[in-house]
K.L.:
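Below are the structure tokens for one structure; questions will follow.
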Amino acid sequence: MAKLAQTAGLTEIQQEILATVRTFVDKEILPHATALEHADAYPQDIVDGMKEMGLFGLTIPEEFGGLGESLLTYALVVEQIARGWMSVSGVINTHFIVAYMINQHGTPEQKQRYLPRMATGDVRGSFSMSEPDLGSDVAAIKTKAVQDGDDFVVDGAKMWLTNGGTSNLTAVLVRTDEGAPKPHQNLTTFLVEKPTGFGEVAPGLIVPGKIDKMGYKGVDTTELVFKGFRVPGEQILGGKRGGGFAQMMDGVEVGRVNVAARGCGIAIRAFELAVEYAQQRSAFGKPIAEHQAIAFKLAEMATKVEAAHLMMVNAARLKDAGTRNDVEAGMAKLMASEYAAEVTQESFRIHGGYGYSKEYEIERLMREAPFLLIGEGTSEIQKTIISRGLLREYKLR
């Protein structure tokens, strides 16, 4: 058999891209990830390497200077990067979502203004829906934009911005009073340009600082506070007031495929560490991999890795085909995140006491995997999306 998580039907270009990324991960990310993670240090050299490879423009159309690759290609690249260090995949995830939203929903002027510079990585995107008092209940957003002439004045606070300090373009979902009967129809997406850094980066716009996290270190996660911040009306995504919820949900859909890919990457790495350690560590006169208790764990872990990978690939291919994939993306995200946590914990158990030591890589994975159970919608939210889709499809006539 081939090694785990192989993907059938890839083009030669896709195979070349993945081979290049895998080599980059093995040489430039894995040897440095644990030290950078323990120091909570931003991986600038790795990010610069990704810029040189063109990864920031991987899915941006060629007419705007990108590589024009598919969501599937991107997801497989993310899977490999997360195998090296999940935080690095976080650096490009929000960027990719914002670029996708601009390409799908932006005005011609917005596409021309941002996409060429996003393709080179000179403009870096972040994505903001959550607030201190809400996460999954997006329609209850409180941050508000009030029109004042040609501008809008924004007040409120946003939470959990990945790349909040290192990005210079943020897609922000806020409330605008459209008088619509449904709450989500009163939400608008603004493209907010800002300087990088922390503190009051622009008049009325504050990035308080990095949030100290259990895992997912290195990449900056921040709040974003608006206090009378002025943004031109031309910065409304697509020029469409009240269309923000649908635009954001479209972005989240591809984001869920990305999170599924990250889950696959972590699970692959956890399995690699476990199967290597199990062949090196001996107990009762033979490698522990030859004991049935450990061998069965490896079999179950490998099966979960393969299943999650197949679900992720299916969701990506459906989106690439232009087919609605909310249920399949939810299934992929649910399975990949849950399996990543389970496979990582089994790898931790196989490592025994050494797994509890910061000298071993599995300790880092144990702190990273739980993030995926929450990011881009909890498992319970995924089950809600899946069940609604099933009842819609199987509704009694």
Side-chain angles (χ1 to χ4, degrees), residues 4-5 21 24-26 28-43 46-47 50 75 77-94 96 160-164 166 210-222 255-277 301 304-305 308-309 312 332-351 354-379 382:
L4 297 177
V21 170
F24 179 78
V25 169
D26 288 341
E28 305 297 335
I29 298 182
L30 278 171
H32 309 291
T34 297
L36 288 168
E37 198 272 348
H38 287 171
D40 197 10
Y42 188 76
I46 294 172
V47 172
M50 293 195 299
V77 166
V78 167
E79 182 180 58
Q80 284 300 318
I81 292 175
R83 172 181 156 266
W85 183 17
M86 188 183 74
S87 293
V88 177
S89 66
V91 170
I92 58 174
N93 179 39
T94 60
F96 162 70
W160 305 119
L161 273 78
T162 302
N163 303 305
T166 49
K210 290 172 62 175
I211 297 171
D212 193 15
K213 309 182 296 287
M214 177 176 77
Y216 199 35
K217 293 181 178 291
V219 63
D220 48 302
T221 304
T222 74
R256 285 180 179 138
V257 175
N258 171 282
V259 172
R262 285 199 256 181
C264 291
I266 286 182
I268 291 168
R269 186 57 183 164
F271 173 81
E272 290 174 347
L273 294 172
V275 76
E276 178 182 352
Y277 183 83
M301 293 162 67
K304 290 177 179 179
V305 167
H309 175 82
M312 178 270 291
K333 195 275 178 183
L334 172 66
M335 177 177 282
S337 61
E338 293 287 350
Y339 279 1
E342 292 173 15
V343 170
T344 299
Q345 187 172 88
E346 288 302 308
S347 180
F348 172 77
R349 290 171 183 266
I350 288 171
H351 280 77
Y354 287 107
Y356 210 64
S357 167
K358 284 185 174 290
E359 295 181 18
Y360 281 71
E361 189 179 341
I362 190 61
E363 181 272 341
R364 170 170 61 84
L365 300 186
M366 278 290 291
R367 289 183 289 104
E368 291 180 339
F371 167 77
L372 300 177
L373 301 172
I374 301 168
E376 304 292 356
T378 64
S379 292
Q382 307 312 316

K.L.:
Looking at every heavy atom in both Ala261 and Met312, which two are closest together, and how far apart are they?
P.N.:
N-CG, 3.8 Å
K.L.:
Under 30°, 30 to 60°, or over 60°: which ring-plane class applies to Tyr360 and Tyr277, parallel, tilted or perpendicular?
P.N.:
perpendicular
K.L.:
I'd like to know if the side chain of Thr378 reaches the main chain of Ile374, judged simply by a donor and an acceptor atom lying under 3.5 Å from each other, with no hydrogens or angles considered.
P.N.:
no
K.L.:
What verdict does the side chain to side chain contact (heavy atoms under 4.5 Å, CB included) test give for Ile92 and Ile81, after you've listed the backbone C-alpha separation in whole Å, the side-chain angles of each residue and the deciding distance to 0.1 Å?
P.N.:
CA-CA 10 Å; Ile92 58 174; Ile81 292 175; 3.8 Å; yes
K.L.:
Any donor-acceptor pair under 3.5 Å linking the side chain of Thr344 with the backbone of Ala340?
P.N.:
yes
K.L.:
Go through the steps to decide whether Lys333 and Leu372 satisfy the test side chain to side chain contact (heavy atoms under 4.5 Å, CB included), and finish with yes or no.
P.N.:
CA-CA 8 Å; Lys333 195 275 178 183; Leu372 300 177; 5.6 Å; no
K.L.:
Does the pair Lys213/Asp220 count as a salt bridge with the N-to-O cut at 4.0 Å?
P.N.:
no
K.L.:
So, does Asp40 use its side chain to make a donor-acceptor pair with the main chain of Gly218 at under 3.5 Å?
P.N.:
yes
K.L.:
Between the side chains of Glu363 and Lys358, is the shortest nitrogen-to-carboxylate-oxygen separation below 4.0 Å, so that they form an ion pair?
P.N.:
yes
K.L.:
Check whether Asn163 reaches the backbone of Gly90 with its side chain - one donor and one acceptor, N or O, closer than 3.5 Å.
P.N.:
yes
K.L.:
Can you check whether Phe271 reaches Ser347 side chain to side chain, under 4.5 Å on heavy atoms?
P.N.:
no
K.L.:
May I ask you to say whether Glu272 pairs ionically with Arg83, meaning some side-chain N is under 4.0 Å from a carboxylate O?
P.N.:
yes
K.L.:
Look at Glu342 together with Lys304 and state whether they make a salt bridge at an N to O cut-off of under 4.0 Å.
P.N.:
yes
K.L.:
When you compare the side chains of Ser379 and Glu338, does any donor N or O come within less than 3.5 Å of an acceptor on the partner?
P.N.:
yes
K.L.:
Are any side-chain N or O atoms of Gln382 and backbone N or O atoms of Glu376, one a donor and one an acceptor, separated by less than 3.5 Å?
P.N.:
yes
K.L.:
Checking Glu368 against Lys217 for the salt bridge (charged side-chain N to carboxylate O under 4.0 Å, His left out) test, could you report, in this order, the C-alpha distance in whole Å, the side-chain angles of both residues, the deciding distance, and whether it holds?
P.N.:
CA-CA 9 Å; Glu368 291 180 339; Lys217 293 181 178 291; over 6 Å; no
